[in-house]
2 protein chains.
Amino acid sequence: MTWNIDYDRPIWIQLVEQLQVALISGELNPGDAVPSVRDLAADAQVNINTMQRALAELESRGLLVPKDNRWRASGRAVTEDRSLIDEIKLNYARSILEDFTQKMRSLGLDDGEIVSKVAEYLSKTRSKGE
Amino acid sequence: MTWNIDYDRPIWIQLVEQLQVALISGELNPGDAVPSVRDLAADAQVNINTMQRALAELESRGLLVPKDNRWRASGRAVTEDRSLIDEIKLNYARSILEDFTQKMRSLGLDDGEIVSKVAEYLSKTRSKGE
DNA sequence: TTTATTGTATTATATATATAATACTACATA
DNA sequence: TATGTAGTATTATATATATAATACAATAAA
């Protein structure tokens, strides 16, 4: 997976968000093994403790689970609770829409202008395939 | 003006953003006097130093200017350079659109779905007046 | 059985952020 | 003229974040 860290927000929060996107976009599927904390940290070029904090957060949300019941050395996996993933996906999409429309409206744009600007921007940035 | 501070990003950056929105949305007009640092800080329930940092940043961007040429006790005003405000408004709107479409696409939505979801969300949250 | 790997924990350090308290200079105003 | 107000500066303190360097116990793998 690809990482994109900027520096005006806590890194561990950005890691949580980007891992969550990987889960709800289907880049990581229910039951899939998750790379080890060390590997993920190296991949994202981030300290192990920082990545550990992100994974612990996702585990507390139920999105990641320990792979075996007994102890740890088996690593983590994506939850098989698809309804939980769907629920989080819906919430996430709604929060993006909320944030976006709030910002556009605060600029003084009305609903028609917002829709047309979105359509215009999408067509400008459409990849050749679509 | 209304303030809305959350706690996962530096406060001074959020102050810069929200003051900037006030400028480019026309809530504060070119030439308008800006309240004193102390008053703004009290209004936003934020430390004076924090608000000062935000105002200094906006001044460095040319959006705010010292009210008189001589010294300070006259306070600040909004720049009368309307083209600068327009330019920043365009950049801001574009960055919002960029951020939004990037997030929606990363969820696996195609352009048609994005437009329809925007339209649907806008109609659901439309105020009575519109 | 030996070695490597897993998640986890601990300690220390550096940095950025936010606040509080205080003070100064120059100007505006009463 | 005397007082208040503007922006600004300084010092100190608390907190969150991020990193580094280790270490450990239990499991997996060679």
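Values below: every heavy atom of this structure, side chains too, minus hydrogens, waters and symmetry copies. Chain letters run A, B, ... following the sequence lines, proteins first, then strands; residues in each count from 1.
Computed from coordinates, the B:K67 NZ to C:dA28 P distance equals 10 Å when rounded to whole Å. Rounded to whole Å, atom P of C:dG7 lies 11 Å from atom CG of A:L64. Between the CG atom of A:D8 and the C1' atom of C:dT17 there is a distance of 13 Å, rounded to whole Å. Remark: P of C:dG7 and CD of A:E57 are 17 Å apart, rounded to the nearest angstrom. Separating the CG atom of A:L58 from the P atom of C:dG7 is a distance of 13 Å, rounded to the nearest angstrom. D:dT17 atom C1' lies 10 Å from atom CD1 of A:I13, rounded to whole Å.
The backbone N or O of B:V37 lies less than 3.5 Å from no partner atom in the side chain of B:Q52, so there is not a single donor-acceptor pair. Judged by distance alone, the side chain of A:Q14 and the main-chain N or O of A:R9 form a donor-acceptor pair under 3.5 Å.
The hydrophobic clustering, which links ILVMFWY residues whose side-chain heavy atoms are closer than 4.5 Å, places A:M1 and A:W12 together.
Under the ring-ring contact (aromatic ring centres under 6.0 Å, His included) criterion, A:Y121 pairs with no residue, sequence neighbours left out. Here B:D43 pairs with B:W3 under the side chain to side chain contact (heavy atoms under 4.5 Å, CB included) rule; sequence neighbours left out. In terms of the salt bridge (Lys or Arg N to Asp or Glu O under 4.0 Å) criterion, residue partners of A:R61 (sequence neighbours excluded) are, by chain and number, A:E57. Applying the salt bridge (Lys or Arg N to Asp or Glu O under 4.0 Å) criterion to A:E59, with sequence neighbours excluded, gives A:R76.
No side-chain heavy atom of A:L63 sits under 4.5 Å from any side-chain heavy atom of A:I24. Between B:E120 and A:L97 there is no side-chain heavy-atom pair separated by less than 4.5 Å.
Remark: B:N49, B:Q52 in residues 43-53 of chain B come within less than 4.0 Å of DNA chain D through at least one heavy atom. Within residues 29-42 of chain A, the residues that place at least one heavy atom under 4.0 Å from DNA chain D are, in residue-number order, A:R38.
Between B:R76 and D:dT5 there is no side-chain polar atom (N or O) within less than 4.0 angstrom of OP1 or OP2. Between B:R9 and D:dT17 there is no side-chain polar atom (N or O) within less than 4.0 angstrom of OP1 or OP2.
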